[in-house]
2 protein chains.
Amino acid sequence: MKNYSRQREAILTVLRSTDTHPTASKVYHKVREIIPNISLGTVYRNLAQLKESGEIISVNVGDGFEHFDGNAKPHIHMHCKKCSAIIDVMLNEDVISDAAQKNGFVPENMVLVINGLCKTCNQNDVN
Amino acid sequence: MKNYSRQREAILTVLRSTDTHPTASKVYHKVREIIPNISLGTVYRNLAQLKESGEIISVNVGDGFEHFDGNAKPHIHMHCKKCSAIIDVMLNEDVISDAAQKNGFVPENMVLVINGLCKTCNQNDVN
DNA sequence: CTCTAAATCAGTAATGATTACTATTTTATT
DNA sequence: AATAAAATAGTAATCATTACTGATTTAGAG
């Protein structure tokens, strides 16, 4: 059902070799250095597929772009509204405010999105 | 610099009278019940302005839509990937896993976005 | 090694949420 | 009432993302 593809491998390699949370477009341009004629549609399709399979995750910081992350382990993303940096903070370190202080980050507004299944949907069936 | 407008007031009223985290389009249709000829552009402009002034916040759960929230206090949003419900959980209740358990929520993937200023940007200047 | 079907691709067109634009109306102040 | 800034309705433009198509690649069987 899922065949190997050089394109998908290259995309995964790019995502795993950076901590900058690139957009689809950024990934596209980076992968073009490896596969010069890869198409944007292929990048989008594979990003969706890698996300579906849990190999990568995505973050939406409200700038209108989906940002991709090769680190699929649950962690905190701190988003600077000025330079747009997205900073990783592993979850076992500390609670929210501590984590913020340790990074010299001044939190203004925080949103936690937990994706999963709510009580009702989880009881109704398996998928 | 900021004048009163009936349209903005109606938008705020709509947002404060629901906990469903509507999209701009949903807000538009709801406000049309109060002001039948309000335009979509006006809704978008005022949502941006209300967000800027901190009267409302927005959540992006990765479904391609920006969701608006009349409750500007920091809180957790749990997003069901099946029914798309966005459930509010106040922050002082408990830590993440506890909050999830209490709501019968099965977390699969969690992303915390903290908007603010990073160390570098905060040291460089005031705004 | 062929053969075949399913999966994937490159390239391009279409979609649709959001933003920009413009002429008109409303607000707040004198 | 007069005036300037702010806001509006309506429409057009933008652009990230998705859908589509005919060609290519993959994987497994013979």
Side-chain angles (χ1 to χ4, degrees), chain A residues 1-15 20-53 55-69 79 81 84 86 113 115, chain B residues 1-15 20-53 55-69 79 81 84 86 113 115:
Chain A
M1 180 191 172
K2 187 172 149 185
N3 283 349
Y4 168 84
S5 97
R6 196 163 71 89
Q7 287 84 348
R8 184 159 54 243
E9 179 144 315
I11 289 166
L12 198 50
T13 299
V14 163
L15 278 177
T20 58
H21 310 79
T23 60
S25 173
K26 289 265 179 61
V27 172
Y28 170 63
H29 289 294
K30 199 74 187 169
V31 176
R32 288 219 130 201
E33 294 172 12
I34 305 171
I35 305 173
N37 71 325
I38 194 173
S39 82
L40 187 56
T42 297
V43 172
Y44 271 102
R45 184 166 21 77
N46 280 294
L47 285 172
Q49 195 172 311
L50 289 166
K51 215 175 109 180
E52 174 67 26
S53 71
E55 291 168 272
I56 66 172
I57 62 174
S58 74
V59 207
N60 208 313
V61 294
D63 61 355
F65 300 89
E66 189 166 9
H67 294 258
F68 296 89
D69 190 341
H79 175 233
K81 74 169 185 181
S84 297
I86 301 176
V113 182
N115 294 298
Chain B
M1 180 191 172
K2 188 173 150 185
N3 282 350
Y4 169 83
S5 97
R6 197 163 70 89
Q7 288 83 349
R8 184 160 54 243
E9 179 144 316
I11 289 166
L12 197 51
T13 299
V14 163
L15 278 177
T20 58
H21 308 79
T23 61
S25 173
K26 291 264 179 62
V27 172
Y28 170 64
H29 289 294
K30 199 74 187 170
V31 176
R32 289 219 129 199
E33 294 173 12
I34 306 170
I35 304 173
N37 70 326
I38 194 173
S39 82
L40 186 56
T42 297
V43 171
Y44 271 102
R45 184 167 19 78
N46 279 294
L47 285 172
Q49 195 173 309
L50 288 166
K51 217 175 108 181
E52 173 68 25
S53 71
E55 290 169 273
I56 65 174
I57 61 174
S58 74
V59 206
N60 207 314
V61 295
D63 62 354
F65 301 88
E66 188 167 10
H67 294 258
F68 296 90
D69 190 341
H79 175 232
K81 74 169 185 181
S84 297
I86 301 176
V113 181
N115 293 298

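Numbers restart at 1 for each chain; the letters A, B, ... are given by sequence-line order, proteins then strands.
Rounded to a whole Å, the CG atom of A:N60 is 14 Å from the C1' atom of C:dT18. Between B:L12 atom CG and D:dA7 atom C1' there is a gap of 16 Å when expressed in whole angstrom units. Put simply, CG on A:N46 is 13 Å from P on D:dT18, counting in whole angstrom units. Between the CZ atom of B:R45 and the P atom of D:dA7 there is a distance of 8 Å, given to the nearest Å. Between A:D63 atom CG and D:dC15 atom P the separation is 15 Å, expressed in whole Å. Atom CD in B:E66 sits roughly 15 Å away from atom C1' in D:dA16 (whole-Å rounding). Atom pair A:E52:CD and D:dT18:P shows a separation of 13 Å (rounding to whole Å applied).
Closest approach of A:V43 and A:A24 over heavy atoms only: CG1-O, 3.9 Å.
Summarising the geometry, atom CG belonging to A:N46 is positioned 5.0 Å from atom CZ belonging to A:R8; distances are rounded to the nearest 0.5 Å. One distance of note links CD1 of A:I56 with CG of A:L47; it measures 5.0 Å at 0.5 Å rounding. B:K30 NZ to B:L15 CG: the interatomic distance, rounded to the nearest 0.5 Å, is 11.5 Å. Note: B:Y44 OH to B:S39 OG = 11.5 Å, rounded to the nearest 0.5 Å. Note that CG of B:D63 and CD1 of B:I86 are 7.0 Å apart. Values are rounded to the nearest 0.5 Å. Taking NZ from A:K2 and OG from A:S53, the interatomic distance works out to 4.0 Å, rounded to the nearest 0.5 Å.
Scanning for side chain to side chain contact (heavy atoms under 4.5 Å, CB included) contacts around A:I35 gives A:R6, A:Q7, A:A10, A:N37, A:I38, with sequence neighbours left out. In this structure A:K26 satisfies the salt bridge (Lys or Arg N to Asp or Glu O under 4.0 Å) test with no other residue, sequence neighbours excluded.
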Which is it for B:N60 and B:H67 under the side chain to side chain contact (heavy atoms under 4.5 Å, CB included) test, yes or no, and what are the steps along the way?
CA-CA 6 Å; B:N60 207 314; B:H67 294 258; 5.9 Å; no
Please walk me through it: do A:Y4 and A:E9 pass side chain to side chain contact (heavy atoms under 4.5 Å, CB included)?
CA-CA 8 Å; A:Y4 168 84; A:E9 179 144 315; 3.2 Å; yes
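One finds a side-chain N or O of A:R8 lying less than 4.0 angstrom from the OP1 or OP2 phosphate oxygen of C:dT8. Phosphate proximity of D:dA7 to B:Q49: present, with a side-chain N or O under 4.0 Å from OP1 or OP2.
Near-neighbour residues of DNA chain D inside residues 33-44 of chain B, defined by a heavy atom below 4.0 Å, number-ordered: B:N37, B:I38, B:S39, B:T42. Scanning residues 21-30 of chain A for heavy-atom distances under 4.0 Å to DNA chain C yields an empty list.
A salt bridge links B:K51 with B:E66: the closest approach of a Lys/Arg side-chain nitrogen to an acidic carboxylate oxygen falls below 4.0 angstrom. Taking 4.0 Å as the cut-off between side-chain N and carboxylate O, A:R45 and A:E52 do not count as a salt-bridged pair.
End-to-end axis angle of the helix from C:dC1-D:dG30 to C:dT30-D:dA1, using five pairs per end and rounding to 10°, comes to 40°.
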Which atoms of nucleotides 26-28 of chain C (N or O only) lie under 3.5 Å from a protein N or O atom, and what are those distances?
residue, atom, partner, partner atom, Å
C:dA28, OP1, B:Y4, N, 3.4

